[in-house]
Amino acid sequence: MIPKYALRVPCIFGKYMQNNSPVMLSAILYPQNTLEQIKHRKKHWDPRYKKERAAKFIKVELPNFQETDENMGAERRRTLMKQHGLIPQKQWSERPFFISCTPNAFDSYVAPEGDGKFSAISKEGAKQRFTDIQMKGKSMMSIRKIKSFDETFSLKDFPQEALDIYIKAHEALAVKDTESLRQYVTEVAYSRMLHNIMDKTIRWKYLESLEPPRVVHARHTEVISKDNLFAQLTVRFHSQQMLCIYDRFGRLYKGSEILRKDVLEYVVFENHIANQYGRWRLHVKIIPPWMPPREVGEKTYILPPEPAKDTPPEPPVESTSTANATETVAN
């Protein structure tokens, strides 16, 4: 008779193979081994660690795909953006801007009346020189401020530099080279110089200087903040120039290519001295009230077509036979 334990050997061997237990321990574990497999699983449900167990799970709020931007309001959209860590959009649009020049000449130079007509030796000319000396107090302070930002600045060499900028700017305007013109004039002067030059031909030439150019006025100002400084230098030009303008039909609009004229101008040059790459550019021209008004050219237009005149109808031509018959009856 086969022993009872011999029937259980295949079952015990298969059980240990299933549980990955070593076969050599089968003899030791034999008394506890049975054909019935009992599953023992114990969990720790201590109420003291309830919060720790809850911390193992992360609650995720699933998005509502049925809710679209069209259905939700502005406040709901703002709340959702804050929940996702996004900055809510503002109702207004802000654009960065850069102030490259001032709108006009600040504390503009007041030119003495009759300037350019009197020599320095005369009594009136001496008065003008004395007035310029009195106005140099603030100018010297502004020049010191300019030198503190630009160490290479020289008041002695600046008039010649200003003359070169003045000539190059007007030459670029004459040939309508807008790219070069932006390098020598500010944005304020750019729009004023290009006004009403369309369909016109400009001939301009700088002939000579009657008096050497000189700086007569210097000022600086703060814009928005104390560190943002702009400087302006007013240069006096007394020269001879030639200007001739033709309209779109090739007719002379103003000036002449033969005659030369004496021109006295007070030109303001501006520099954004707080900017490391700032440069001197032509800004505005000061026109004193005592200066005679400038010549205004006459505009030319295309003549409208003349209306057709109503001509009276010509009388009908009679034949020769009818005219002879009429004369015969009359006789």
Side-chain angles (χ1 to χ4, degrees), residues 103-135 139 159 162-163 165-174 181 184-186 188-219 232-247 251-270 281-301:
N104 211 333
F106 45 86
D107 193 9
S108 60
Y109 173 70
V110 181
E113 186 174 357
D115 189 13
K117 297 181 180 179
F118 309 108
S119 61
I121 304 174
S122 63
K123 182 179 179 181
E124 290 78 4
K127 287 183 179 180
Q128 292 178 4
R129 293 287 184 179
F130 182 72
T131 305
D132 293 342
I133 294 173
Q134 290 179 340
M135 298 172 61
S139 297
L163 180 60
I165 297 172
Y166 177 86
I167 294 175
K168 291 179 180 178
H170 285 78
E171 288 178 350
L173 176 65
L181 186 62
Y184 304 113
V185 301
T186 60
V188 173
Y190 180 79
S191 59
R192 295 178 181 178
M193 294 178 71
L194 292 182
H195 175 66
N196 201 20
I197 67 167
M198 187 178 296
D199 300 330
K200 290 182 176 63
T201 304
I202 303 174
R203 298 285 186 267
W204 181 87
K205 189 175 182 181
Y206 188 90
L207 300 177
E208 61 178 347
S209 298
L210 299 178
E211 295 182 37
R214 56 187 175 91
V215 179
V216 296
H217 197 66
R219 288 294 183 271
Q232 291 183 354
L233 295 178
T234 305
V235 183
R236 178 183 179 272
F237 293 111
H238 193 195
S239 60
Q240 282 190 347
Q241 302 177 14
M242 183 274 298
L243 175 64
C244 184
I245 303 176
Y246 298 96
D247 62 3
R251 301 169 186 168
L252 183 63
Y253 178 75
K254 184 179 179 181
S256 174
E257 294 193 43
I258 302 174
L259 300 177
R260 58 173 61 190
K261 285 193 173 184
D262 298 346
V263 181
L264 177 63
E265 290 180 316
Y266 302 92
V267 184
V268 179
F269 293 85
E270 186 178 82
R281 296 184 295 173
L282 192 150
H283 189 47
V284 293
K285 292 184 180 181
I286 299 175
I287 302 177
W290 49 265
M291 270 193 174
R294 297 186 177 183
E295 300 178 2
V296 180
E298 297 181 358
K299 294 184 179 180
T300 57
Y301 304 93

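Note that these values count all heavy atoms, side chains included, but never hydrogens, waters or copies made by symmetry. Just so it is clear, the model here is predicted, and its values are computed rather than measured.
- Scored by the side chain to side chain contact (heavy atoms under 4.5 Å, CB included) test, Arg203 finds Thr201, Cys244, Tyr246, Glu257 as partners (sequence neighbours excluded).
- Between Ser239 and Leu207 the shortest side-chain heavy-atom distance does not fall below 4.5 Å.
- Listed here is the closest heavy atom pair of Ala169 and Leu181: O-CD1, 3.4 Å.
- At distances below 3.5 Å, at least one donor-acceptor pair connects side-chain atoms of Gln232 with backbone N or O atoms of Asn104.
- Counting only heavy atoms from C-beta outward, the side chains of Tyr184 and Arg281 never approach each other to under 4.5 Å.
- How far CZ of Arg260 is from CD of Glu208: 5.5 Å, rounded to the nearest 0.5 Å.
- Between Pro288 and Tyr266, the closest heavy-atom pair is CG-CE1, 3.9 Å.
- Across Pro159 and Pro213, no two heavy atoms sit closer than the pair CB-O, 3.3 Å.
- Residues Leu243 and Val263 form no side-chain contact, since every pair of their non-hydrogen atoms from C-beta on lies 4.5 Å or further apart.
- Crowding of Lys200 atom NZ: a count of heavy atoms from other residues, nucleotides or ligands under 6.0 Å exceeding 12.
- Residue His283 holds its NE2 atom at 12.0 Å from CG of Leu233, rounded to the nearest 0.5 Å.
- One distance of note links CG of Leu163 with NZ of Lys168; it measures 10.5 Å at 0.5 Å rounding.
- Between Val110 and Ile286, every side-chain heavy-atom pair lies at or beyond the 4.5 Å cut-off.
- For Lys285, the side chain to side chain contact (heavy atoms under 4.5 Å, CB included) partners two or more places apart in sequence, or in a different chain, are Tyr166, His170, Glu265, Val267.
- Under the 4.5 Å side-chain criterion, counting only non-hydrogen atoms from C-beta, Leu264 is in contact with Met291.
- Not counting sequence neighbours, the partners of Asp107 by the side-chain hydrogen bond (donor to acceptor under 3.5 Å, both in side chains) test are Arg219.
- Rounding to the nearest 0.5 angstrom, the gap separating the CZ atom in Phe237 from the CZ atom in Arg214 is 12.0 Å.
- Put simply, the side chain of Leu194 reaches to within 4.5 Å of the side chain of Leu173, judged on heavy atoms.
- More than 12 heavy-atom neighbours from other residues, nucleotides or ligands sit within 6.0 angstrom of NZ on Lys254.
- Using cut-offs of 30° and 60° on the angle between ring planes, the pair Tyr109 and His217 is tilted.
- Distance check: Ile197 CD1 to Ile202 CD1 gives 5.0 Å after rounding to the nearest 0.5 Å.
- Scanning both residues, Pro103 and Val188, for their nearest heavy atoms gives O-CG1, 3.7 Å.
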